[in-house]
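Keep in mind that what you see is a predicted model, and the values were worked out from it rather than measured. Atoms considered below: every heavy atom in the structure, side chains included; atoms not considered: hydrogens, waters and symmetry mates. Just so you know, residue 1 is the first one in the sequence shown, and it goes up from there.
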Amino acid sequence: MVRRTQQHRKHAALKLGGVGVLAVVLLGGGLTLASADDAAEPQTANCPTVRDKLSNVPAAAVAGVEQELANLDKQIAEANVRLAQQAANPQGGPAFIQNAILGPLASKRTAALDRIGINISRVGGQRPDLASLAPCGLNAAGVPSAVNGNAGNGNAGNGNAGNGNASNGNAGNGNAGNGNAGNGNAGNGNAGAGVAQRVNCPTVADRLPAVPAQAAAEVRRELANLESQIADANARLARQAANPQGGPNFVRNAIIGPLEDRRVAAINRIATAIGRVDGNRPADLVNLARPCSAR
């Protein structure tokens, strides 16, 4: 009887992943499946960077440009969430990703790029030709997206590898090398008032325990959600820099606090996904939801 049970368990494990026991492990800050085939890994959006293509942005346009750069990063994060969902639950034919994800992403990028040009030309700067930067392709499974945030801003691992999107599913993609390390000033070099702050939260993916293969897709989905949450908060911080409102506690009460609440929910879903499979729910993960700050 014991032997038959062991054989049954072995057969079930083989059906799930092609090996006896599969776990998600962290390599270089990103999630990969140990001994799993590459098809289990979600692809990510491969879009041209924009910040490093800008130069001589007038000081009066910096806040508006920063807001749109944050919007571009948010759009990529949202597309990566959808790509993770598609990897977990494939739908449509071979053109689905292009028609339902990359096509709409390019349209949104076109609008954001146009607004960057308008912000610059409105204050007397030379409007850059950014239209060619709108279309996006796909990275290979597990390869991070390049984004436009500020390298070295302290969001390592959580969505900004060294700044960008590490450990939320895009290890090392961050914004390193995308221009403007740490100053947030769209290449104009004028730090100071009006420069958008960026979110700094504890890392998550690099603090996870071994993730059972059966929970991997859901965990990836929630890591992508964490990335999207940070991108959304960065977009709100950019809007706040462009049009300040509220008192000194506005950022904490209206942006950072709600972000931490959303992180609590996403991280609890990660812990539940893991515990549902192996019976050992990592309750302490929720401590990574906060504190977040803006700087």
Side-chain angles (χ1 to χ4, degrees), residues 21-36 38 40-44 73 76-77 80-81 83-84 87 139-147 149-178 181-182 198-231 233-234 259-260 262-275 277-278 280-293 295:
V21 178
L22 294 180
V24 173
V25 295
L26 291 165
L27 296 176
L31 287 175
T32 59
L33 277 175
S35 302
D38 289 340
E41 280 289 305
Q43 293 177 287
T44 59
D73 287 353
I76 290 173
N80 284 340
V81 170
L83 287 167
N139 288 313
V143 175
S145 300
V147 291
N150 303 323
N153 77 345
N155 260 346
N158 226 3
N160 289 315
N163 95 23
N165 290 329
S167 97
N168 269 351
N170 287 332
N173 78 339
N175 304 317
N178 276 346
R198 306 283 291 179
V199 172
N200 178 34
C201 295
T203 63
V204 176
D206 56 341
R207 317 288 180 83
L208 293 178
V211 178
Q214 301 96 312
E218 189 170 355
V219 170
R220 284 198 202 96
R221 200 158 48 239
E222 294 305 332
L223 289 174
N225 279 333
L226 288 170
E227 179 183 340
S228 182
Q229 291 166 7
I230 287 178
N234 282 337
L259 169 63
E260 290 176 339
R262 294 169 65 194
R263 284 171 61 83
V264 167
I267 293 173
N268 271 328
R269 289 193 293 269
I270 289 174
T272 299
I274 295 171
V277 176
D278 65 11
N280 186 22
R281 187 181 189 277
D284 59 339
L285 279 181
V286 74
N287 296 331
L288 302 176
R290 50 173 67 93
C292 294
S293 62
R295 63 187 188 186

Minimum heavy-atom separation for [X] and [Y], please, with both atom names.
| X | Y | result |
| --- | --- | --- |
| P42 | R220 | CD-CD, 3.2 Å |
| S145 | N80 | OG-ND2, 3.0 Å |
| A233 | V199 | CB-CG2, 3.5 Å |
| I270 | V204 | CD1-CG1, 4.4 Å |
| A215 | A273 | CB-O, 3.4 Å |
| D278 | P212 | OD2-CG, 4.0 Å |

CD-OG1 distance between E227 and T44, expressed to the nearest 0.5 angstrom: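 One gets 9.0 Å once the value is rounded to the nearest 0.5 Å.
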Gap between atom SG of C201 and atom CG of L259 - 0.5 Å precision: 4.5 Å
Between N225 and S228: side-chain donor-acceptor atoms closer than 3.5 Å: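 On atom types as modelled, these side chains do not qualify, holding no pair under 3.5 Å.
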Contacts of R269 that satisfy salt bridge (charged side-chain N to carboxylate O under 4.0 Å, His left out) - sequence neighbours left out: E222
Under 4.5 Å between any side-chain heavy atoms of [X] and [Y], yes or no?
| X | Y | result |
| --- | --- | --- |
| R290 | R263 | no |
| Q43 | N139 | no |
| L226 | I267 | yes |
| E218 | T272 | no |
| L288 | T203 | no |

Any sub-3.5 Å donor-acceptor pair from [X]'s side-chain atoms to [Y]'s backbone N or O?
| X | Y | result |
| --- | --- | --- |
| R281 | I274 | no |
| D73 | A231 | no |
| E260 | C292 | yes |

Side-chain ion pair, R207 and D284, N-O less than 4.0 Å: no
